[in-house]
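Letters A, B, ... mirror the listed sequences (proteins, then strands); counts begin at 1. Hydrogens, waters and symmetry mates play no part in the numbers below; they use all other heavy atoms, side chains included.
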Protein chains: 4
Amino acid sequence: MVGASGRGRPRSESARAAVLHAVDDLLVEVGYAALTMKGIAERAGVGRQTVYRWWSNKAEVLYEASVLDAQDELAVPHSGDARTDVEAYLNALVAFLARSHAGAAYRALMGEAQHDPAVARLLASRDILGESAAATVKTAIAATSTTLSAEQATALLIGPAFFRILSGHDADNIDTGALADQFMRVLKQG
Amino acid sequence: MVGASGRGRPRSESARAAVLHAVDDLLVEVGYAALTMKGIAERAGVGRQTVYRWWSNKAEVLYEASVLDAQDELAVPHSGDARTDVEAYLNALVAFLARSHAGAAYRALMGEAQHDPAVARLLASRDILGESAAATVKTAIAATSTTLSAEQATALLIGPAFFRILSGHDADNIDTGALADQFMRVLKQG
Amino acid sequence: MVGASGRGRPRSESARAAVLHAVDDLLVEVGYAALTMKGIAERAGVGRQTVYRWWSNKAEVLYEASVLDAQDELAVPHSGDARTDVEAYLNALVAFLARSHAGAAYRALMGEAQHDPAVARLLASRDILGESAAATVKTAIAATSTTLSAEQATALLIGPAFFRILSGHDADNIDTGALADQFMRVLKQG
Amino acid sequence: MVGASGRGRPRSESARAAVLHAVDDLLVEVGYAALTMKGIAERAGVGRQTVYRWWSNKAEVLYEASVLDAQDELAVPHSGDARTDVEAYLNALVAFLARSHAGAAYRALMGEAQHDPAVARLLASRDILGESAAATVKTAIAATSTTLSAEQATALLIGPAFFRILSGHDADNIDTGALADQFMRVLKQG
DNA sequence: CATTAAGCGAGACGGTACGTCGGGTCTTATA
DNA sequence: TATAAGACCCGACGTACCGTCTCGCTTAATG
């Protein structure tokens with residue numbers, strides 16, 4: 001018996017799906033800045049309360065609608081060759097952060113997290129970027145027998161591209177091949 | 001003669017200063033999230049219109065009040081030894097981003113910039129972090145005769161720490177010594 | 001000379017005239033509701049302070065610009081026949097109150113006076129309507145040997161038309177001939 | 001079935017009542033000039049938007065809060081004797097216009113109406129003074145078989161006192177007995 | 001089958017920040 | 001000292017969004 005009594009009308013999965021869909025649409029159409037709870041509910045053809053019943057604030061809806069669903073944008077096939085996998089991952093990372101709608105949502109949420117503890121907790125509850133890199137990092141560590149921890153290696157892998165994108169630099173100028181080389185070299189020596 | 005009509009009452013530098021001071025105080029007292037234009041004006045003992053006359057939005061005031069003034073938090077003495085300077089810079093960077101009020105303001109602004117083009121332009125107009133690292137990066141490049149561009153090297157230097165702090169990881173666990181070593185090693189080899 | 005020391009630059013009569021002229025123009029162009037001190041000063045090509053130097057508030061400028069100048073709208077030639085003069089006066093009164101710009105200004109000021117004591121004092125300082133009716137009323141009183149005071153007679157003369165116009169009734173439907181007859185009849189019997 | 005969608009939360013009659021009550025209180029405490037929408041909402045413990053939802057401007061709230069409710073101040077018992085009723089009505093009129101809070105509100109609104117068409121329409125939508133006088137005027141007309149229209153008679157009845165009060169003359173000096181006599185005399189002869 | 005209780009769409013609710021506007025004062029350089 | 005210009009402080013304006021609440025109406029599971 002998981003929760004609830006089973007009495008009363010069950011929650012509408014279709015309402016939930018409509019909200020998530022509406023968020024995706026609105027993100028594309030009006031952008032994050034113009035996203036409002038009222039707008040989302042209306043677009044979804046759903047009562048405002050229903051949105052708040054499933055998610056407790058705007059960040060949560062957005063996170064689930066856009067970020068979670070988009071994890072596969074960061075999933076890359078593993079070739080077995082560490083260097084190849086690293087570059088593939090970096091390409092996926094740049095594409096996600098700099099060019100996808102989900103990435104824009106993720107950046108916006110990370111921004112909110114800098115001054116809203118609730119959003120910070122939300123993002124911390126699931127380390128999307130870290131997880132997405134985990135397999136690649138693991139392969140690279142195994143291939144180089146570095147002494148670096150996975151966490152350190154992850155920061156080395158993601159950090160440079162992450163910084164350049166968040167800083168507003170042109171994502172097209174990021175040389176993922178070079179970054180991959182540098183990353184592998186550090187691992188081989190530490 | 002830098003422009004200026006000379007006609008009419010001159011803008012009050014003291015009002016301007018009072019606003020910047022008020023922002024600094026309020027950031028410490030109530031934090032970024034609770035910062036409002038009304039609150040700033042009232043705290044500064046200044047009319048609301050006066051604030052809007054000098055800055056066109058909250059981000060601009062905050063940027064000038066907190067971020068510009070705080071560049072010296074990122075200024076580190078140069079020892080002449082590249083490795084030493086790099087670690088010193090990384091320590092200053094972590095202290096700024098993760099522990100100072102100005103750093104909190106900077107992270108908040110960088111967050112806004114992710115969905116507000118005006119803020120993005122504002123931050124892009126003066127690449128605070130890049131500038132602060134420039135001397136250190138230059139020294140390191142000279143000492144290693146790397147083929148990396150300054151921009152690439154800057155991203156390598158700042159990225160990993162930047163990523164971990166923005167992601168909400170514990171700043172105390174950042175091993176700046178190790179990061180400095182890794183940075184130098186990459187430069188020596190590329 | 002009348003007051004002042006004579007030292008320093010004398011007040012500019014032309015600035016004063018420009019303001020009064022500007023008020024007249026603006027009243028016609030934008031109406032009372034859109035009249036602002038800033039607008040008046042700009043239209044007159046005059047500093048804001050200069051306006052306040054001559055008049056202490058908006059009501060005073062308007063009063064002098066529009067109402068005082070318009071007293072001659074209410075001045076009617078006297079024929080010597082009381083009944084004739086009364087009707088002529090009533091026609092002038094209706095034309096002034098209901099159809100002239102000065103009359104609109106007067107009504108607006110009388111409106112302000114209902115909740116602004118300063119404006120009330122201003123209007124009380126010079127009983128424009130009462131004065132304008134004085135000669136007509138005097139003639140009528142003399143012609144009828146009524147026991148009514150001038151003040152009572154004035155209220156009887158002006159009141160009915162005044163009420164209908166201020167109440168927003170159609171001024172064209174006011175039968176000034178009938179009103180004149182009724183006025184004369186009351187006087188003859190009291 | 002008087003319309004109404006039946007959907008959504010119904011408007012709160014208690015909020016509406018709280019606003020009207022707050023307006024009454026504030027009129028007495030701070031007067032018309034200091035009445036603000038913000039102040040009204042706060043005093044009523046109501047959101048600002050809620051006030052705007054029921055009434056579209058200050059005049060409307062005031063009209064409903066103060067003027068409509070105050071019609072009974074102008075309701076006088078009818079004795080059957082026209083002359084008696086007329087004097088009783090004039091006493092009530094003077095008391096209302098010159099001495100009651102509702103009367104002050106009415107004068108203020110009539111003032112606004114002189115330069116604000118919306119307020120003019122509002123007042124025209126319900127001719128408070130005319131209605132209040134209607135029964136008295138009807139009785140007087142019947143008793144005198146005058147040829148005057150009701151509208152003309154109303155202006156004769158109300159006009160003189162109305163003019164003196166709006167002009168700021170001392171209301172205590174208004175001889176309602178004399179005005180009643182004059183009114184009756186005019187009717188008997190026309 | 002009737003009851004019951006929770007979810008539903010709709011939209012009003014109390015709050016609060018926004019950016020603008022007007023009032024009346026103050027401070028420049030110039031005349 | 002008056003002037004034109006325009007910045008100053010103040011505070012009301014009407015709008016927008018937040019997250020909560022309250023309607024009448026479904027929609028199951030329970031009795």
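One can place CD1 of Ile40(A) at 13 Å from C1' of dG19(F), the figure rounded to the nearest angstrom. Atoms CG (Leu35(A)) and P (dA16(F)) sit 17 Å apart, rounded to a whole Å. Rounded to an integer number of Å, the gap from CD of Glu60(B) to P of dG19(E) is 11 Å.
Near DNA chain E, meaning a heavy atom under 4.0 Å from it, residues 19-32 of chain A has no residue at all. Interface residues of residues 104-123 of chain D facing DNA chain E, ordered by number: none; criterion, heavy-atom separation under 4.0 Å. Across residues 41-54 of chain C, Arg48(C), Gln49(C), Tyr52(C) each have a non-hydrogen atom less than 4.0 Å from an atom of DNA chain E (numbered order).
Partners of Asp69(D) under the salt bridge (charged side-chain N to carboxylate O under 4.0 Å, His left out) rule, at least two apart in sequence or in another chain, do not exist in this structure. Taking Arg48(C) as the reference, nothing meets the salt bridge (charged side-chain N to carboxylate O under 4.0 Å, His left out) condition, with sequence neighbours excluded. Here Thr36(A) pairs with nothing under the side-chain hydrogen bond (donor to acceptor under 3.5 Å, both in side chains) rule; sequence neighbours left out.
Both tests pass for Lys58(D) against the ring of Tyr32(D): distance under 6.0 Å to the centre and angle within 45° of the axis.
Positionally, the nearest nucleotide of DNA chain E for Gly39(B) lies more toward the 5' end than for the other of Met37(C) and Gly39(B). Each of Arg11(B) and Ser56(D) was assigned the nucleotide of DNA chain F with the nearest heavy atom; the assignment lying further toward the 5' end belongs to Arg11(B). Mapping Lys38(D) and Lys58(A) onto DNA chain F via the closest heavy atom, the residue that lands nearer the 5' end is Lys38(D).
Looking only at atom types and distance, the side chain of Tyr52(C) has no donor-acceptor partner in the side chain of Glu60(C) under 3.5 Å away.
Interface remark: the Arg9(B) side chain does form a donor-acceptor pair with the dC26(E) base, using a distance-only criterion of under 3.5 Å.
Taken from CD in Gln114(D) to CG in Leu123(D), the straight-line distance is 9.0 Å, to the nearest 0.5 Å.
Here the side chains of Trp54(D) and Val19(D) are not in contact, with every heavy-atom distance at 4.5 Å or above. For the pair Leu68(D)/Arg126(D), a side-chain contact is recorded, criterion being any heavy-atom separation below 4.5 Å from C-beta on.
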